[in-house]
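Right, one structure below, let's go through it.
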Amino acid sequence: MSNQIVENLRKEIEAFKAEVKTEKVGKVMEVFDGIAKVSGLSDIRSGEMVTFQNGERGVALNLEEDAVGVIILGDFSKIKEGDEVKATGRILEISVSNNILGRVVNAIGVPIDGKGAISAQGGSASGGKSSIEYYPIEKVAPGVITRESVGEPVATGIKAIDAIIPIGRGQRELLIGDRQTGKTAIAIDAILNQKGQNMICVYVSIGQKDSKLRKLQARLEAGNSMEYTVIVSAGASEAAALSYIAPYTGVSIAEFFMDQGKDVLIIYDDLSKHAVAYREISLLLRRPPGREAYPGDVFYLHSRLLERACRRNAKYGGGSITALPIIETQAGDISAYIPTNVISITDGQIFLETDLFYKGVRPAVNVGSSVSRVGSSAQIKAMKKVAGTLKLDLAQFRELEAFSQFGSDLDDATKRQLERGKRAVEVLKQTQYAPVKTEHQVVTLYALTKGYMDDVPVNKIKEFESGLIDYTERNAKTFYKEVIESKMWTDKGEEQLKKAIADFKSSFIK
């Protein structure tokens with residue numbers, strides 16, 4: 001028996017291998033307002049994750065001579081001076097899978113909708129991979145060689161945008177305006193309109209109230225749009241660090257789907273609050289303040305985020321990320337620091353004006369100040385043809401409208417232009433959460449630009465438009481089929497549409 005024990009011990013000793021496990025451990029020197037100063041982590045990297053003694057995570061942001069500035073991604077009230085901090089050796093990353101669709105997650109990708117953890121198993125509405133992957137939240141944007149020019153439209157369902165300021169897949173188009181002018185409403189309409197368009201949507205809520213987010217989620221669920229949407233939320237009551245991280249988490253989720261060759265629409269609501277959160281963190285970390293107390297790298301904050309939106313060419317897997325950042329202005333001042341920064345990074349802006357909003361022109365898009373640098377490349381041929389002169393006509397109408405207030409003696413051509421302009425403004429008005437199909441927009445704008453609405457009373461335009469869509473869908477089927485399938489009409493289809501419009505108009509004006 002004793003021999004057997006000795007033999008077992010000998011085998012255990014022979015099999016024993018000494019393993020050396022090294023850990024980089026530091027100590028909390030001080031903690032305040034979501035920031036911790038840590039000593040003893042001299043060889044940590046910028047952006048590296050750390051774990052605190054109580055299990056909370058943080059990210060190394062400031063690498064100083066004798067300390068490391070760490071932003072805490074969670075409850076900092078339970079972290080105290082002297083606590084151990086371990087470096088993980090990994091740059092901050094999030095877990096993502098196809099099953100994230102339809103979910104609400106926090107700034108570090110953890111579900112907060114009460115539906116349990118995001119599983120790796122099972123299919124999803126998007127198809128493709130179902131395994132969980134880890135994506136770093138900071139990544140170098142795709143290079144020029146991997147990109148392709150923007151040429152395929154993102155149909156928002158908003159006539160004023162699709163006709164005049166078109167957005168293409170892979171574009172970055174800024175939504176800018178004062179508070180309560182309908183910026184978020186445009187973004188939500190764009191998400192609702194992606195149903196059946198083979199587009200995945202990511203909505204990033206930065207510093208918004210939870211009540212607003214719940215209403216938004218309920219609206220998307222009512223429109224059956226959550227099945228292709230992910231909501232990333234960093235609430236107003238949460239730490240500034242989470243508002244800073246949230247947009248990067250959102251674009252990492254978008255990149256996961258783009259890497260599968262899919263098209264993604266991402267909305268950042270809004271980057272003004274993102275810049276304020278970054279300013280708060282930077283000032284707490286004792287970074288030197290510059291203009292308006294923002295740190296000097298605040299431009300880089302948004303440029304490295306928005307540059308990740310692009311359209312990849314087929315050789316590099318295809319797919320695209322279209323970004324719609326939102327910026328809130330103060331009293332319409334688009335020349336302020338953050339608005340001018342983001343305007344210079346994006347490929348155009350949609351400017352929403354308070355005066356137009358209160359006049360009842362909704363969406364309150366100021367056509368003169370808005371621009372899309374991709375232009376008609378992001379429109380189908382049919383839309384390009386009917387909307388070609390619309391922007392110029394509306395801009396001229398605004399000028400004539402201001403001029404005509406001072407003079408009553410106007411020539412016939414000016415009167416006609418003013419009347420056409422009034423009807424164009426009326427046609428471009430649209431109720432919230434009611435996106436319009438592209439083919440319906442083409443028919444409406446065809447009737448407007450060809451003069452069929454010139455003698456319809458302005459107060460009857462909406463009624464005329466609604467009736468016209470119903471009538472032409474039944475009596476101009478060839479035209480609709482051509483626009484949907486080949487993106488342009490033939491002479492045969494146009495003749496059919498002309499007859500249908502004329503027949504409807506004669507019965508409408510009786």
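- In this structure, the separation between CD on Q379 and CD on E152 is 14.0 Å, given to the nearest 0.5 Å.
- Put simply, the side chain of F52 reaches to within 4.5 Å of the side chain of V70, judged on heavy atoms.
- Residue I164 is tested with V371, L428, I158 for a side chain to side chain contact (heavy atoms under 4.5 Å, CB included); the sole match is L428.
- What you find for L283 and A293 is that their closest heavy atoms are CD2-O, 3.9 Å.
- For E56 (side chain) and T51 (main-chain N/O), no donor-acceptor pair under 3.5 Å exists by modelled atom type.
- Shown here for R169 and V154, the closest heavy-atom pair between the two residues is CG-CG2, 3.5 Å.
- At a threshold of 4.5 Å between non-hydrogen side-chain atoms, the residues I326 and L271 do not count as touching.
- The side-chain heavy atoms of D263 and T322, taken from C-beta on, include no pair separated by under 4.5 Å.
- Within a 6.0 Å sphere centred on CZ of R286, heavy atoms belonging to other residues, nucleotides or ligands number 12 at most.
- Salt bridge annotation for D83-K27: absent, with no cationic side-chain nitrogen under 4.0 angstrom from a carboxylate oxygen.
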Run the side-chain contact (heavy atoms from CB on, under 4.5 Å) test on V59 and L73 for me, step by step, so that the C-alpha distance in whole Å, both residues' side-chain angles and the decisive distance to 0.1 Å come before the verdict. CA-CA 8 Å; V59 184; L73 304 174; 3.6 Å; yes

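- Rounding to the nearest 0.5 angstrom, the gap separating the CD1 atom in I321 from the NZ atom in K262 is 13.0 Å.
- Classification of the Y244-H274 ring pair by plane angle, with boundaries at 30° and 60°, yields parallel.
- Checking side-chain atoms of N99 against main-chain N and O of S119 turns up a donor-acceptor pair under 3.5 Å.
- With a 4.5 Å cut-off on side-chain heavy atoms, L301 and F299 do not count as touching.
- Remark: the backbone N or O of N341 is paired with a side-chain donor or acceptor of S344 at under 3.5 angstrom.
- When all heavy atoms of D210 and G235 are compared, the pair lying nearest together is OD1-CA, 4.4 Å.
- Separating the CD atom in Q217 from the OG atom in S233 is a distance of 9.5 Å, to the nearest 0.5 Å.
- A salt bridge is defined here as a Lys NZ or Arg NE, NH1 or NH2 lying under 4.0 Å from an Asp or Glu carboxylate O, and D113 with R103 meets this definition.
- Closest approach of E328 to K273, counting heavy atoms only: OE1-NZ, 4.2 Å.
- Across every non-hydrogen atom of R373 and T346, the tightest pair is NH1-O, 2.9 Å.
- Figure legend: R362 and F357 shown as a cation-pi pair, the cationic atom lying under 6.0 angstrom from the six-membered ring centre and within 45 degrees of its axis.
- Heavy atoms of other residues, nucleotides or ligands lying less than 6.0 angstrom from CG of N224 number more than 12.
- The heavy-atom pair separating A240 from A277 by the smallest distance is O-CB, 3.6 Å.
- Taking CG of L61 as the reference point, atom CD1 of I35 lies at 7.5 Å (rounded to 0.5 Å).
- Under the 3.5 Å distance criterion, with hydrogens and angles disregarded, a donor-acceptor pair is assigned to the side chains of S372 and Q171.
- Residues D259 and Y135 are in side-chain contact: their nearest non-hydrogen atoms beyond the backbone lie under 4.5 Å apart.
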Determine, step by step, whether E173 and I350 satisfy the side-chain contact (heavy atoms from CB on, under 4.5 Å) criterion, reporting the C-alpha distance in whole Å, the side-chain angles of both residues, the deciding distance to 0.1 Å, and the verdict. CA-CA 7 Å; E173 185 77 8; I350 295 165; 3.5 Å; yes

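- Here the side chain of R279 pairs no donor or acceptor atom with the backbone of Y294 at under 3.5 angstrom.
- A donor-acceptor pair is defined here as one N or O able to donate and one able to accept, closer than 3.5 Å; no such pair exists between the side chain of D162 and the backbone of P166.
- In summary, the side chains of E148 and N313 do not present any donor paired with an acceptor at a separation below 3.5 Å, with no hydrogens or angles considered.
- In this structure the side chain of I167 never reaches within 4.5 angstrom of the side chain of V150, judged on heavy atoms.
- Listed for the Q194 side chain is no donor-acceptor partner under 3.5 Å among the backbone atoms of V264.
- In the displayed structure, K195 atom NZ is contacted under 6.0 Å by more than 12 heavy atoms of other residues, nucleotides or ligands.
- In this structure, R179 places its CZ atom where only 12 or fewer heavy-atom neighbours from other residues, nucleotides or ligands lie under 6.0 Å away.
- R147 places none of its side-chain heavy atoms less than 4.5 Å from the side chain of R312.
- Donor-acceptor pairing under 3.5 Å is recorded for the side chains of D178 and T329.
- A donor-acceptor pair under 3.5 Å is absent between the side-chain atoms of S369 and the main chain of N366, judged by distance alone.
- Q432 contributes atom CD, which lies 9.5 Å from atom OG1 of T184 (distance to the nearest 0.5 angstrom).
- The distance from the CG atom of N193 to the OH atom of Y433 is 14.5 Å, given to the nearest 0.5 Å.
- In this structure, R304 forms a cation-pi arrangement with Y300, its terminal cationic atom sitting closer than 6.0 Å to the ring centre and no more than 45° off the ring axis.
- Under the 3.5 Å distance criterion, with hydrogens and angles disregarded, a donor-acceptor pair is assigned to the side chains of R287 and Y278.
- A donor and an acceptor atom, one from each side chain of Y228 and S225, are located under 3.5 Å apart.
- Side-chain N/O atoms of R308 and S252 include a donor and acceptor closer than 3.5 Å.
- At distances below 3.5 Å, not a single donor-acceptor pair connects side-chain atoms of S243 with backbone N or O atoms of I206.
- Of the possible polar contacts, none joining the R172 side chain to the L324 backbone as a donor-acceptor pair under 3.5 Å is found.
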Go through the steps to decide whether R57 and I108 satisfy the test side-chain contact (heavy atoms from CB on, under 4.5 Å), and finish with yes or no. CA-CA 10 Å; R57 287 195 286 175; I108 49 176; 3.4 Å; yes

Should I118 and V105 be marked as a side-chain contact (heavy atoms from CB on, under 4.5 Å) after you check the CA-CA gap, both sets of side-chain angles, and the distance that decides it? CA-CA 10 Å; I118 295 165; V105 299; 4.0 Å; yes

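- Enclosure of atom NZ in K437 is not indicated, since only 12 or fewer non-hydrogen atoms of other residues, nucleotides or ligands lie within 6.0 angstrom.
- At least one donor-acceptor pair under 3.5 Å links the side chain of T88 to the backbone N or O of M49.
- Under the 4.5 Å side-chain criterion, counting only non-hydrogen atoms from C-beta, K86 is not in contact with Q53.
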